[in-house]
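Model, not experiment: these values are computed from the prediction. Just so it is clear: chains get the letters A, B, ... in the order the sequence lines come, proteins before strands, and each one is counted from 1.
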2 protein chains.
Amino acid sequence: MAIERRTTRQKEAIKTVLDEQKGPLLPDDIHRLAIKTVPSLGIATVYRSLKNLQEEGLVCCVEIPGQAPRYERSDKGHHHHFHCRDCGQVFDLQKCVAGGLKNLAPAGFEVTDHEIILYGTCKACSS
Amino acid sequence: MAIERRTTRQKEAIKTVLDEQKGPLLPDDIHRLAIKTVPSLGIATVYRSLKNLQEEGLVCCVEIPGQAPRYERSDKGHHHHFHCRDCGQVFDLQKCVAGGLKNLAPAGFEVTDHEIILYGTCKACSS
DNA sequence: TTGATAGTGATTACCTTTTATCAATATAGC
DNA sequence: GCTATATTGATAAAAGGTAATCACTATCAA
């Protein structure tokens with residue numbers, strides 16, 4: 001049978017952090033933010049919770065090339081990301097140009113999904 | 001002064017492998033292919049050569065999220081990649097929809113460049 | 001309140017990719 | 001051919017991120 005899940009301050013703090021963000025976070029970011037609520041929180045618990053939240057379908061993994069996986073709520077719908085080269089933060093984008101993408105692939109190639117990442121300077125860093 | 005470079009069978013074999021490919025290769029792929037020409041080739045030499053070729057501007061790095069860096073000739077011009085989920089290979093794409101991308105970013109965000117990755121099944125794997 | 005046990009935190013172990021080491025070898029100028 | 005030294009290959013070891021361990025703690029049904 002499935003393992004009985006218990007509600008803990010740690011998991012709640014982690015979920016709250018993920019709820020309040022505008023983009024995907026690194027495990028370390030989550031740890032640093034959630035520790036404000038639960039000072040004793042260990043990094044291992046962050047990894048464990050992320051794993052559980054992923055299995056439960058509440059959180060998904062976002063990967064920027066060359067960087068460690070980030071995590072965000074999975075109920076945001078289809079979207080892509082912007083990576084600020086200045087501060088390193090990743091932001092969610094609202095729109096998608098997926099329509100034009102299908103015909104990028106050569107004949108015989110079946111496109112099932114895609115990833116778009118914009119790079120540049122975020123609002124805070126460019127002002 | 002700059003270090004004197006010498007021509008070796010190893011470097012030539014690595015460059016030849018990179019010249020003949022249709023997409024970026026993993027260091028391990030390069031090693032496996034180049035070893036046909038120079039059987040004694042060690043993986044360390046592949047890494048060293050890739051580093052040198054990058055510094056010389058002849059080779060650039062391509063990263064697919066969640067995977068190790070791949071390498072390809074840097075004279076291919078602007079293009080993107082297709083990752084086959086079946087065989088794992090990465091292929092170059094010829095076209096780009098960069099035009100529509102600028103307005104994906106919110107106001108205040110400066111987009112300097114972008115990455116597009118298509119996922120699916122390549123021609124060989126889908127037939 | 002109590003007890004069974006899921007969860008935690010500190011730490012260690014791990015895994016994969018990449019780099020450093022170093023003796024041996026190959027290159028290129030003379 | 002000879003020599004100085006750049007390069008190589010096998011190996012060890014680093015680096016970064018993640019998972020396993022284990023004694024202790026917290027949760028929650030009874």
Legend entry - Out of dA6(D), dT8(D), dT21(D), whichever nucleotide has its closest atom nearest the side chain of Arg48(B): dT8(D)
Legend entry - Candidates dT27(D), dG9(D), dG17(D) - which lies nearest the side chain of Ala68(A): dG17(D)
Inset, instruction - Check whether Leu26(A) and Ile30(A) end up in the same hydrophobic cluster, where Ile, Leu, Val, Met, Phe, Trp and Tyr are linked by side-chain heavy atoms less than 4.5 Å apart. - result: no
Legend entry - Hydrophobic cluster membership, Tyr71(A) vs Leu93(A), 4.5 Å side-chain cutoff: no
Inset, instruction - Report which part of the nucleic acid Leu41(B) touches: base, sugar-phosphate, or nothing (heavy-atom distance under 4.0 Å, all strands). - result: sugar-phosphate
Inset, instruction - Select base, sugar-phosphate, or nothing to describe what Arg5(B) touches, counting heavy atoms under 4.0 Å on all strands. - result: sugar-phosphate
Inset, instruction - Can you establish whether the number of heavy atoms outside Lys76(B) located under 6.0 Å from its atom NZ is more than 12? - result: yes
Value in whole Å for how far the [atom2] atom of [N] lies from [atom1] of [X]:
X	N	atom1	atom2	answer
Ile43(A)	dG17(D)	CD1	P	10 Å
Gln54(A)	dA19(D)	CD	P	9 Å
Lys11(B)	dA6(D)	NZ	P	11 Å
Arg6(A)	dT27(D)	CZ	P	9 Å

Inset, instruction - For the pair Asp28(A) and Arg32(A), find out whether any cationic side-chain nitrogen is under 4.0 Å from an anionic carboxylate oxygen. - result: yes
Inset, instruction - Could you tell me whether the phosphate oxygens of dT18(D), OP1 or OP2, come under 4.0 Å of any side-chain nitrogen or oxygen in Tyr47(A)? - result: yes
Legend entry - Thr8(A) vs dT27(D): side-chain N/O to OP1/OP2 distance below 4.0 Å: no
Inset, instruction - Mind listing the residues from residues 21-35 of chain A sitting with a heavy atom below 4.0 Å of DNA chain C? Number order is fine. - result: none
Inset, instruction - Considering only Ile, Leu, Val, Met, Phe, Trp and Tyr, and joining two whenever side-chain heavy atoms are under 4.5 Å apart, list the other residues clustered with Ile64(A). - result: Val90(A), Ile117(A), Tyr119(A)
Inset, instruction - Give a yes-or-no answer on whether the side chains of His83(A) and Glu115(B) include a donor-acceptor pair shorter than 3.5 Å. - result: no
Legend entry - Outermost nucleotides of DNA chain C that come under 4.0 Å of a non-hydrogen atom of chain B: dT17(C) to dA28(C)
Inset, instruction - May I ask you to test the Leu18(B)-Leu50(B) pair for a side-chain heavy-atom distance under 4.5 Å? - result: yes
Legend entry - Check: Gln21(B) and Asp29(B) side chains under 4.5 Å, non-hydrogen atoms: no
Inset, instruction - Using heavy atoms to find the nearest nucleotide of DNA chain C for Gln10(B) and Pro69(B) separately, return the residue whose nucleotide is more 5′. - result: Pro69(B)
Legend entry - Intermediate values then yes/no, salt bridge (charged side-chain N to carboxylate O under 4.0 Å, His left out), Asp113(B) and Arg85(A): CA-CA 11 Å; Asp113(B) 54 312; Arg85(A) 293 201 196 274; 2.5 Å; yes
